[in-house]
Amino acid sequence: MRLPSPPAIVPLSLLFSFTFFLCSSFVLSASRNSIYRGASLSVEDHVSDVLTSPDQSFACGFYQVGIDAYSFSIWFAHSNIKTVVWTANRDQPVNGRSSRVSLHRDGTMVLTDVDGSIVWSTNTTNKNVDKAELLDTGNLVLKNLSGDILWQSFDYPTDTLLPGQPFTRRTRLISAMANGTHVSGYFTLFFDNDNVLRLAYDGPEFSSLYWPNPDYTNVFQLGRTKYNSSRTALLDVMGRFSSSDRTNFFASDMGSGIERRLTLDYDGNLRLYSWDNSTASWVVSWLALPRQCDIHGLCGRNGVCTYTPIPKCSCPPGYERSDPVDWNKGCKPKFTRTCNQTQQFKFVELPYTDFWGYDLDYQEQSSLEHCRELCRAKCSCEAFVFGLNGVGACYTKASLFNGRKAPSFPGTIYLKLPKSLDTSEPSNLTISDLTCGFSKVGNQVGSSNMYGKDNKGRTRWIYLYSFIYAIGAIESLFIASGWWCLFRRNKVKISMEDGYRAISSQFKKFTYAELKKATKNFKEELGRGGSGSVYKGVLEDNRVVAVKKLGDVIQGEEEFWAEVSMIGRVNHMNLVRMWGFCTEKTHRLLVYEYVENGSLDKHLFSSSDRSCLLNWKERFRIALGTAKGLAYLHHECLEWVVHCDVKPENILLDSNYEPKIADFGLAKLSQRGQSGSNFSKIRGTKGYMAPEWTLNLLITAKVDVYSYGVVLLEIVKVIRLSDWVVVDGEHETELTRFLRVVKEKIECGGDSWIEDILDPSLRGQFNKKQAAAMVEVGISCVDEDKSKRPTMDEVVKILLEIE
Ligand SMILES: *[C@@H]1O[C@H](CO)[C@@H](O)[C@H](O)[C@H]1NC(C)=O
Ligand SMILES: *[C@@H]1O[C@H](CO)[C@@H](O)[C@H](O)[C@H]1NC(C)=O
Ligand SMILES: *[C@@H]1O[C@H](CO)[C@@H](O)[C@H](O)[C@H]1NC(C)=O
Ligand SMILES: *[C@@H]1O[C@H](CO)[C@@H](O)[C@H](O)[C@H]1NC(C)=O
Ligand SMILES: *[C@@H]1O[C@H](CO)[C@@H](O)[C@H](O)[C@H]1NC(C)=O
Ligand SMILES: *[C@@H]1O[C@H](CO)[C@@H](O)[C@H](O)[C@H]1NC(C)=O
Ligand SMILES: *[C@@H]1O[C@H](CO)[C@@H](O)[C@H](O)[C@H]1NC(C)=O
């Protein structure tokens, strides 16, 4: 029995707590990180009565989850936005009065509700627990007198894994039910019986595995293995995740000193977040599924996930929503299905749409007519998919789950509906926003029984495995290589493919008038380059921006939209952020963040002002940051992007001399030589261009590696290596000469070669080990043979090792 607290008390108690908070804030700064046996934390003092880790990064105590409802949680303490990483019995919040968490004398830690009932407890009776302590890692531990850990919160994760927290065969992450809540939802990350780390939807009506891509029946094709049964995974402090099944990835901002968390979000996506100190917000530094609709279960039975471009759920013709607030319940047919032989059917066509799984029959070569008859004849057939691979593949479906619609999906689904059913207004799709489509649990009140989950309704998913593996590789045919995206000629519209970033970014379409006003009629020119001029501007919300007027874009509005929104989704600290664009009549403008310190070439080569010369630390940071940005473009971002024009002019420096690469993605926008080879007009800049450009060879990301190598050597040497010089009557570039000199020095100079070739303005103020490594990396990057150049990932690794 819970005592519902009178509503009037709430604001009063909040006010009281707040006042208390103000008065005791000096106490907070010296707050404790442990409690001993016999002590407790009480919910009334939830503001002040918290444990704080010694380095102040985590706090542990009562966290408000609703009106007068609290949970015992651990959260990041660095800002007012408390990001919860762990909760004790997340499905059962406690009342805002008299609830407490105590370390009993018998050694158990117990959370009790207002009526004294035990909501959660550790299993440490009689184990001589001495104290509970919150560590710097975010781990709450119970220790005995000799300091051995007898229990730890790290062993019981909720939806978040922290750096250093092992993920094992016994642990799993379970998503929250809805954004902003902590109640368990339906998505799970776990090691399956085949030792493979997977994501699954395990909902009230059905279950389905969706990551790694279930179209691959063989996980080896995805670089995973089933043969390591240790089933452990770890996110380390550098932001690298590695798992015994070879699921390896790393944060786009890889490096130490950044707070991170790996969270299975309420929408079923697994995201690695990094805390961005400058904007005081979490930024996504890796995510498992770039295309949100690839996540199973999002829209329930019969529902279809569509990009609008934000992912949304809708019901197909002949169906309507089962529950106006809960998309997990999907859509129900507006007709009754019977197996009456005399019933007449019609088939309603939904192009670019597929429902994953639950295939009845599969025929590799079929005709549309034959496929239709197959479905008509089988009572259990609800729809069929036809024409996936051009020769007429036919799949009949027994149930419609995991529906998704994307312009890139080549199949068409035909829904089997009674002939008499009126489907004349199929356009009235009841589209609804995914972000608020889940069951509302917002107004939580501190009573536990509301949150008990109905476990009976859940299907077991073990037996689904065999079923899932039986399904053929539908999509594997269409897994395009990333490079292809950039160099293809016939563009598939991909703009709608990814809605998540559209939600998360403030990417915006501006009007020409707005930008004209922001730049005071394009008054202050910041620079001029191959693709157009750049002007400084100030937006209405006082953001300072750089507005780029593109000169020679020949694309239509829609294509432009598609390409630009792709660039807008790219988000990395070493890449200049695009905030928006404008496409009106013939105007094509791009709006970027303004980067204070201008471009690298000014700092390297403008001999007039020696005062703005960079010191060694700054140089190294620029080299590393630029490599990270390019590595992100090449290997990590949603669509792999080759920059094609890496040079000091395109590397901007912010107020801390952190580099930001500009102009990436523009290779696609300015297609000057339209027909013929895709890049008939070379985009790069002389001196930074890899030899393959002029030799008409295949262009890969290695062209950027080459250009980066030139820039890296320029950072060290501080002369334009792209300039031509005359040596012994022969023309050669500074680069050629530099390489020759270095070779000679290394061959005969022994140890001191590095001093001899470095920028004399450094006057010995540099790190010899770093400098030597940078020269070596730079030289390997400018190898004529592109296969001998390292990848940007490898460059980042080498530089991180000597950081
Ligand atoms: C506590 O531990 C005992 C044995 O170690 C086990 O049988 C029991 O199920 C555990 N209880 C909980 C709640 O984990
Ligand atoms: C603490 O626990 C460890 C492991 O259970 C045990 O070996 C040690 O003796 C304990 N120390 C004390 C003081 O109880
Ligand atoms: C959850 O909601 C918050 C605020 O409403 C928003 O900033 C955040 O992006 C949302 N998270 C996701 C994953 O959509
Ligand atoms: C299995 O994975 C673990 C953890 O990643 C690793 O240490 C071990 O070497 C692997 N074993 C084999 C046989 O590959
Ligand atoms: C983050 O910023 C705060 C204040 O702005 C500063 O005190 C703190 O040291 C910074 N942390 C890191 C990791 O840079
Ligand atoms: C089958 O449908 C016909 C006409 O639609 C109807 O007359 C008949 O009663 C139905 N039979 C059954 C078993 O429902
Ligand atoms: C679409 O459906 C809604 C609710 O079912 C209805 O109110 C509305 O009139 C319909 N719109 C059209 C154009 O039929």
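What you see is a predicted model; the values in this text were computed from it and never measured. Both ligands and their constituent atoms are indexed starting at 1 by order of listing.
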Pull out every atom of ligand 2 sitting under 4.0 Å from any heavy atom of Ser146, numbered as shown with elements. 1 (C), 8 (C), 10 (C), 11 (N), 12 (C), 13 (C)

Among protein heavy atoms, which sits nearest to atom 4 (C) of ligand 4, and what does the distance come to when rounded to 0.1 Å? Thr232 OG1, 3.8 Å

Which residue from Asn144, Asp130, Asn128 reaches closest to atom 2 (O) of ligand 2 through any of its heavy atoms? Asn144

Return yes if some donor-acceptor pair links the side-chain N/O of Asn144 with the main-chain N/O of Asp148 below 3.5 Å, else return no. yes

From the list Phe401, Trp356, Tyr358, Tyr186, ring-ring contact (aromatic ring centres under 6.0 Å, His included) partner of His296 resolves to Trp356

side-chain contact (heavy atoms from CB on, under 4.5 Å) test vs Trp86 passes for just one of Phe58, Trp75, Tyr156, namely Tyr156

Give the residue, atom name and distance (to 0.1 Å) of the protein heavy atom nearest atom 5 (O) of ligand 4. Ser244 CA, 3.7 Å

Atom 7 (O) of ligand 4 protein-contacted, heavy-atom criterion under 4.0 angstrom: no

For atom 9 (O) of ligand 4, what's the nearest protein heavy atom and its distance? Asn228 ND2, 4.7 Å

Would Arg231 and Phe191 count as a cation-pi pair here, with the cationic atom under 6.0 angstrom from the ring centre and within 45° of the axis? no

Would you verify whether the NZ or CZ of Arg224 falls within 45 degrees of the ring axis of Trp211 while also being under 6.0 Å from that six-membered ring's centre? yes

Do Asp106 and Lys127 meet the salt-bridge criterion of a basic N to acidic O distance under 4.0 Å? no

Of the backbone atoms (N, CA, C, O) and the side-chain heavy atoms from C-beta on, which set of Ser230 has a member under 4.0 Å from an atom of ligand 4: side chain, backbone, both, or neither? side chain

